[in-house]
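These notes concern the structure reproduced below.
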Amino acid sequence: MVNGPFTFAPDGNALIGPVPGLRNFWSACAVMAGFAQGAGIGKVFADWLIEGEPGMDVFAMDVARFGEFATRQYTRHKVVENFGRRFMIAYPNEEPPAMRPWRTTALYDCLKASGAVFGAAFGLEHALWFAPNAQQAVEAPTFHRSNAFSHVGEESQTVREGVGFIETANFAKYEVVGKGAADYLDVLLAGELPQIGRMRLSPMLSDGGRLLGDLSVGKLSENEFFIVGSGAAQMAHMRRFLVHLPKSGVAVHNRSTQLHGIAIAGPDSRNLMSRLTNADMSAAVFRFMDIRRMEVSGVSAIVARVSFTGEMGYEIYCAPEYQRVLYEALIIAGEGLGLRPFGARALMSLRLEKNFGAWTMDFREDFTPLQAGLDAFVAYDKTADFIGKQAAVNERQTGALQKRINLAVDADGTDANGDEPIFKDGEIVGFVTSGGYGHTVGKSFAMGYVKPEAADAGGEFAVEILGDMRPATVQTEPAYDPAGLKMRG
């Protein structure tokens with residue numbers, strides 16, 4: 001018998017890996033069950049320290065999953081909550097209440113008054129879905145479709161038929177500037193860099209060719225790049241950026257707390273933008289994947305014509321102190337267009353209809369670009385020897401060990417969520433990384449990875465959901481607007 005203190009992080013997981021902001025300083029702390037977990041964590045830690053990468057996705061234990069928001073008080077209250085719930089059933093739609101709200105934006109009260117039900121990511125409150133009023137803004141924990149289901153469907157339909165808006169404060173935003181910025185990013189990122197005024201999607205790879213980031217890269221001027229990524233991964237990404245930063249000629253800044261904003265999406269989004277600015281928003285002038293600085297209702301902003309919904313859309317980034325002004329102008333301009341807010345649940349539903357993967361779920365360090373279907377964004381032939389290039393080239397020659405697929409599932413009131421096994425001919429051939437219901441196409445989806453021979457053979461699959469084997473069929477193209485004409489129009 002060993003008597004000693006337990007050590008906990010706010011979420012109960014270990015804190016391992018290189019500490020962001022410190023050179024050659026590593027952590028292997030908060031290993032609560034030391035004897036039980038020590039061997040596995042020691043192995044991953046040793047691989048990471050010696051080989052430069054842990055060899056698998058360990059973000060749930062990465063010390064970089066927390067930022068400055070995880071103060072002593074925050075940690076204390078979350079630890080007490082987590083320990084008290086240690087042997088309770090955890091539901092996929094459950095949001096633990098301790099230290100909530102903690103980080104909020106200028107729109108928090110506005111969205112709450114509109115019936116927002118909030119989640120928290122990186123300590124920041126963000127709207128998941130909207131109830132008819134603030135009194136009904138409560139979601140019952142369940143493994144099945146919850147009371148949010150019909151409301152998420154309405155939000156999704158608004159985006160498909162008219163125009164909706166969602167707050168984007170929880171996206172990570174980075175600024176890379178300097179005369180050496182292009183050369184630096186050309187090595188750090190696997191994709192081609194954009195021209196001035198344009199954006200490109202680019203994977204960021206480890207030395208071994210695994211995914212470390214799925215980033216949107218915009219070029220605002222000759223020596224200035226604007227990058228958008230997953231808010232939860234911002235400390236991990238900054239750690240990566242700074243490790244490879246040259247001694248001079250380039251500066252990298254995390255602007256996530258200094259640039260909040262709003263995204264709009266839907267067939268009426270161009271009409272709405274035209275009401276908010278004097279700039280020419282026509283398709284010929286402001287094209288899909290364009291980015292530029294401009295005034296929106298008098299607010300200085302960075303505007304990108306991109307959308308994760310599959311509809312025409314724009315992301316508008318501004319300083320937090322102007323976000324309320326932007327929001328109020330948006331509400332007034334949206335009169336007559338049926339404008340309404342939508343939350344993260346609707347966004348996830350809409351992206352599944354488009355077969356878009358999401359970071360920390362479908363895209364993570366367990367996978368490579370070829371496995372994830374992101375190889376189209378890797379510039380294998382570009383002049384720069386980007387990090388992970390040789391591994392990526394080798395895999396393209398030998399073939400991927402697994403392949404991402406999107407399945408339409410014959411679900412019965414319960415959708416796949418993640419980690420469910422995928423079967424074919426009675427054998428497990430893979431697992432689900434994310435899932436949900438596509439409200440505007442009326443299908444339940446499960447995205448996941450399977451053996452390449454199973455994916456290539458096609459045919460019928462099955463997904464085990466709560467012990468029930470549900471038939472599933474591979475979607476060889478997106479269920480909604482497969483040619484992508486709507487978001488490019």
Side-chain angles (χ1 to χ4, degrees), residues 91-97 100-142 145-172 230-232 260-266 269 272 306-311 313-316 323-324 326-327 330-331 334 338-354 356 358-361 415 417-418 434-440 445:
Y91 295 94
N93 67 325
E94 197 170 14
E95 293 287 335
R100 301 274 310 280
W102 185 234
R103 296 179 61 212
T104 60
T105 71
L107 299 189
Y108 177 78
D109 291 337
C110 299
L111 299 178
K112 186 175 182 179
S114 297
V117 176
F118 291 93
F122 207 67
L124 181 66
E125 299 291 319
H126 62 103
L128 297 175
W129 61 278
F130 289 83
N133 53 61
Q135 289 69 40
Q136 298 182 49
V138 178
E139 184 172 4
T142 178
R145 293 171 185 165
S146 75
N147 58 301
F149 186 77
S150 62
H151 304 295
V152 173
E154 292 172 3
E155 294 170 28
S156 302
Q157 206 66 47
T158 293
V159 174
R160 290 281 185 247
E161 297 177 352
V163 61
F165 71 91
I166 184 172
E167 188 178 32
T168 57
N170 59 327
F171 294 2
S230 167
H260 288 179
I262 298 171
I264 62 174
S269 57
L272 179 57
V306 292
S307 173
F308 198 46
T309 65
E311 294 291 341
Y314 304 83
E315 293 178 0
I316 310 166
Q323 194 180 13
R324 182 70 174 261
L326 180 63
Y327 166 81
L330 190 74
I331 297 300
L339 177 69
R340 65 174 289 176
F342 66 99
R345 297 275 175 78
L347 184 65
M348 291 295 101
S349 172
L350 295 167
R351 65 95 184 174
L352 283 170
E353 297 178 350
K354 289 292 296 176
F356 292 160
W359 189 253
T360 72
M361 292 183 285
D415 303 299
N417 180 67
S434 70
Y437 191 75
H439 289 270
T440 72
F445 295 104

Taking all atoms of both residues into account, what is the closest heavy-atom pair of [X] and [Y], and its distance?
| X | Y | result |
| --- | --- | --- |
| Ala263 | Glu315 | CB-CG, 3.9 Å |
| Gly115 | Ala137 | O-CB, 3.6 Å |
| Ser434 | Arg351 | OG-NH2, 3.0 Å |
| Thr360 | Ser230 | CG2-OG, 4.3 Å |
| Glu311 | Gly266 | CB-N, 3.7 Å |
| Tyr91 | Pro141 | CD1-CB, 3.6 Å |

[Y] and [X], any side-chain heavy atoms less than 4.5 Å apart:
| X | Y | result |
| --- | --- | --- |
| Leu272 | Tyr314 | no |
| Pro101 | Tyr108 | yes |
| Thr158 | Phe342 | no |
| Phe308 | Met348 | yes |

Among Glu155, His151, Glu139, Glu154, find the one that has a side-chain hydrogen bond (donor to acceptor under 3.5 Å, both in side chains) with Trp129.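 Between Trp129 and the candidates, side-chain hydrogen bond (donor to acceptor under 3.5 Å, both in side chains) is satisfied uniquely by Glu139.
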Can you tell me how far apart [atom1] ([X]) and [atom2] ([Y]) are? Round to the nearest 0.5 Å.
| X | Y | atom1 | atom2 | answer |
| --- | --- | --- | --- | --- |
| His126 | Leu107 | NE2 | CG | 14.5 Å |
| Glu167 | Leu111 | CD | CG | 5.5 Å |
| Ser349 | Gln157 | OG | CD | 9.5 Å |
| Arg103 | Asn170 | CZ | CG | 9.5 Å |
| Ile262 | Ile166 | CD1 | CD1 | 11.0 Å |
| Leu350 | Arg345 | CG | CZ | 14.0 Å |

Under the side-chain contact (heavy atoms from CB on, under 4.5 Å) rule, collect the residues that match up with Lys354, sequence neighbours excluded.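 By the side-chain contact (heavy atoms from CB on, under 4.5 Å) rule, Lys354 matches Arg160, Phe356, Tyr480, Asp481.
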Set of ring-ring contact (aromatic ring centres under 6.0 Å, His included) partners for Tyr437, sequence neighbours left out: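 Phe149, His439.
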Taking only residues two or more places apart in sequence, or in another chain, which ones meet Ser269 in a side-chain hydrogen bond (donor to acceptor under 3.5 Å, both in side chains)?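 If we apply the side-chain hydrogen bond (donor to acceptor under 3.5 Å, both in side chains) test to Ser269, skipping adjacent residues, there are no hits.
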What residues form a side-chain hydrogen bond (donor to acceptor under 3.5 Å, both in side chains) with Ser307, not counting sequence neighbours?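 Only Thr309 meet the side-chain hydrogen bond (donor to acceptor under 3.5 Å, both in side chains) criterion with Ser307.
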Expected output: side-chain Asn93 to main-chain Thr142 donor-acceptor under 3.5 Å: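 A pair under 3.5 Å: yes.
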For Gly261, does its backbone N or O pair with a side-chain atom of Thr168 as donor and acceptor, under 3.5 Å?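 Yes; judged by distance alone, with no hydrogens or angles, the pair exists.
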Salt bridge (Lys or Arg N to Asp or Glu O under 4.0 Å) partners of residues 107-135, not counting sequence neighbours, each pair once: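 Residue pairs passing salt bridge (Lys or Arg N to Asp or Glu O under 4.0 Å), neighbours aside: Arg100-Glu125.
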Residue list, salt bridge (charged side-chain N to carboxylate O under 4.0 Å, His left out) with Glu161, at least two apart or on another chain: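 In terms of salt bridge (charged side-chain N to carboxylate O under 4.0 Å, His left out), with neighbours along the sequence ignored, Glu161 is linked to no residue.
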